[in-house]
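The structure appears below as structure tokens.
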Amino acid sequence: MTRRALVTGATSGIGHAYAAELASRGYDLVIVARTTDRLESVAAQLRTKHGVDVDVVTADLATTEGVALAVNRLTDSARPIDLLVNNAGSSLAGWFGTTDIADEDHQLNLLVRAPMHLMDAAIKTMAGRGGGQVVNVSSVAAFTPRGVYSAHKSWLLNLSQWANIHYRDVNISVQALCPGFVRTEFHQRGEMDVSGVPRWMWLKADKVVAASLKDLDKGKTVSIPSLRYQVLATLAQYLPTSLVTRFAKRGR
């Protein structure tokens with residue numbers, strides 16, 4: 001029986017890499033993003049290259065209406081979803097306390113509220129039909145005190161770890177993917193200056209996704225692609241908070 005995955009933020013970066021890799025594995029897809037033209041373009045490419053079914057859902061997941069569209073698709077019993085990838089996200093260039101609070105509300109909706117609602121719908125649906133998988137794209141920033149973005153990603157990491165244990169008995173696996181800097185449109189769209197980030201800290205989206213899915217197959221709760229970020233994440237958990245904060249701030 002063909003498996004089906006729903007991927008948010010699927011038109012670029014990590015989300016696009018998930019869609020491409022899953023299509024290559026024979027998954028039918030539901031791809032979600034804000035721009036219909038880009039969704040249709042990605043869908044056409046994946047259908048042609050891999051011969052899979054690809055449905056598109058145009059939705060702004062920072063809005064209640066957009067979340068509802070994605071939730072409706074997750075709960076469609078006629079075309080069930082076996083794997084949810086909560087990837088859609090963005091960031092702000094400034095630090096909390098200097099940014100517009102309306103922009104912070106937008107980030108909270110996109111990075112916390114949306115994955116919470118989609119994960120809730122997925123778990124309730126999957127539990128009723130024998131199981132499934134959820135990947136929540138967090139960040140290695142979840143291990144550091146690094147402002148609001150870090151706090152959002154820490155929240156997602158914590159919830160994922162708990163859910164993976166709590167819903168194991170109903171055959172639901174939940175993973176938090178925690179990459180570091182990845183070469184995507186993410187930083188450019190957020191108008192962030194990353195010129196000072198060393199070359200060795202950058203990862204490729206397809207390699208990040210390959211590591212995530214390999215760890216998902218193993219049932220690993222937290223996936224941190226690359227040894228260098230695994231070491232950094234470990235150090236962040238044991239070094240003094242003041243030292244970690246100073247180091248993390250330099251990466252902004």
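Taking 4.5 Å as the limit, every side-chain heavy atom of S77 sits out of range of all side-chain heavy atoms of R129. T125 is not listed as a side-chain neighbour of I81, based on a closest heavy-atom distance of 4.5 Å or more. Looking only at side-chain heavy atoms (C-beta outward), Q133 and D82 stay at 4.5 Å or farther from each other. Residues V85 and L6 fail the side-chain proximity criterion, which asks for heavy atoms closer than 4.5 Å. No side-chain heavy atom of Y149 sits under 4.5 Å from any side-chain heavy atom of W95. Between Q161 and V222, some side-chain heavy-atom pair lies under the 4.5 Å cut-off. S173 is listed as a side-chain neighbour of N164, based on a closest heavy-atom distance under 4.5 Å. Between R3 and L83, the closest side-chain pair of non-hydrogen atoms is not below 4.5 Å.
Side-chain N/O atoms of T2 and D28 include no donor and acceptor closer than 3.5 Å. Between the side chains of S212 and S223, no donor-acceptor pair is found at a separation under 3.5 Å.
Cluster membership check: M116 shares its hydrophobic cluster with V174, using side-chain heavy-atom separations under 4.5 Å among Ile, Leu, Val, Met, Phe, Trp and Tyr. Placement of F96 and V112 in two distinct hydrophobic clusters is found when ILVMFWY residues are connected by side-chain heavy-atom separations under 4.5 Å, directly or transitively. Taking hydrophobic clusters as Ile, Leu, Val, Met, Phe, Trp and Tyr residues chained together by side-chain heavy-atom distances below 4.5 Å, V148 does not share a cluster with F143.
Comment: D105 does not engage R113 in a salt bridge, judged by the lack of any side-chain N to carboxylate O separation of less than 4.0 angstrom. At a threshold of 4.0 Å, the pair R4-D55 does not count as salt-bridged, since none of the basic side-chain nitrogens sits closer than that to a carboxylate oxygen.
In this structure, the separation between OG1 on T35 and CD on E40 is 12.0 Å, given to the nearest 0.5 Å. Distance check, rounded to the nearest 0.5 Å: OG of S160 to CE of M119 gives 5.0 Å. In this structure, CD1 in I224 is found 10.0 Å from OG in S139, a value given to the nearest 0.5 Å. With rounding to the nearest 0.5 Å, the separation of CG in L69 from OG1 in T63 is 7.5 Å. Taken to the nearest 0.5 Å, the CD1 atom of I101 stands 9.0 Å off from the CG atom of L108. Distance check, rounded to the nearest 0.5 Å: CG of L156 to CG of N136 gives 4.0 Å.
Here the closest non-hydrogen pair linking I172 and A127 is CD1-N, 3.7 Å. What you find for L22 and A5 is that their closest heavy atoms are CD1-CB, 3.8 Å. For the residue pair A23 and L29, the shortest heavy atom distance occurs at CB-CD1, 4.0 Å. Of all non-hydrogen atoms in P225 and C178, the two that sit nearest each other are CD-O, 3.7 Å. When every heavy atom of V67 is checked against every heavy atom of L61, the shortest pair comes out as CG2-O, 3.4 Å. In plain terms, the two heavy atoms of R34 and T58 that are nearest each other are O-CG2, 3.3 Å.
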Subject >> Verdict with reasoning, L118 to V71, per side chain to side chain contact (heavy atoms under 4.5 Å, CB included) >> reply: CA-CA 6 Å; L118 269 59; V71 165; 4.0 Å; yes

Subject >> Audit row: V30, L74, side chain to side chain contact (heavy atoms under 4.5 Å, CB included) steps and yes/no >> reply: CA-CA 9 Å; V30 179; L74 281 165; over 6 Å; no

Original post:
Taking it one step at a time, do Y18 and L177 satisfy side chain to side chain contact (heavy atoms under 4.5 Å, CB included)?
Top reply: CA-CA 12 Å; Y18 269 114; L177 170 66; 3.2 Å; yes

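Checked by atom type and distance alone, the side chain of T8 pairs as donor or acceptor with a backbone atom of N87 at under 3.5 Å. Checked by atom type and distance alone, the side chain of T144 pairs as donor or acceptor with a backbone atom of A141 at under 3.5 Å. Counting only distance, with no hydrogens or angles, the side chain of D215 and the backbone of K220 share no donor-acceptor pair below 3.5 Å. Of the possible donor and acceptor atoms, one in the side chain of S138 sits under 3.5 Å from a partner among the backbone N and O of K153. At least one donor-acceptor pair closer than 3.5 Å links the side chain of Q107 to the backbone N or O of S90. Using modelled atom types, one side-chain atom of R47 and one backbone atom of V54 make a donor-acceptor pair closer than 3.5 Å. Using modelled atom types, no side-chain atom of S154 and backbone atom of A151 make a donor-acceptor pair closer than 3.5 Å. Using a distance-only test at 3.5 Å, with no hydrogens or angles considered, a donor-acceptor pair links the side chain of R73 to the main chain of R79.
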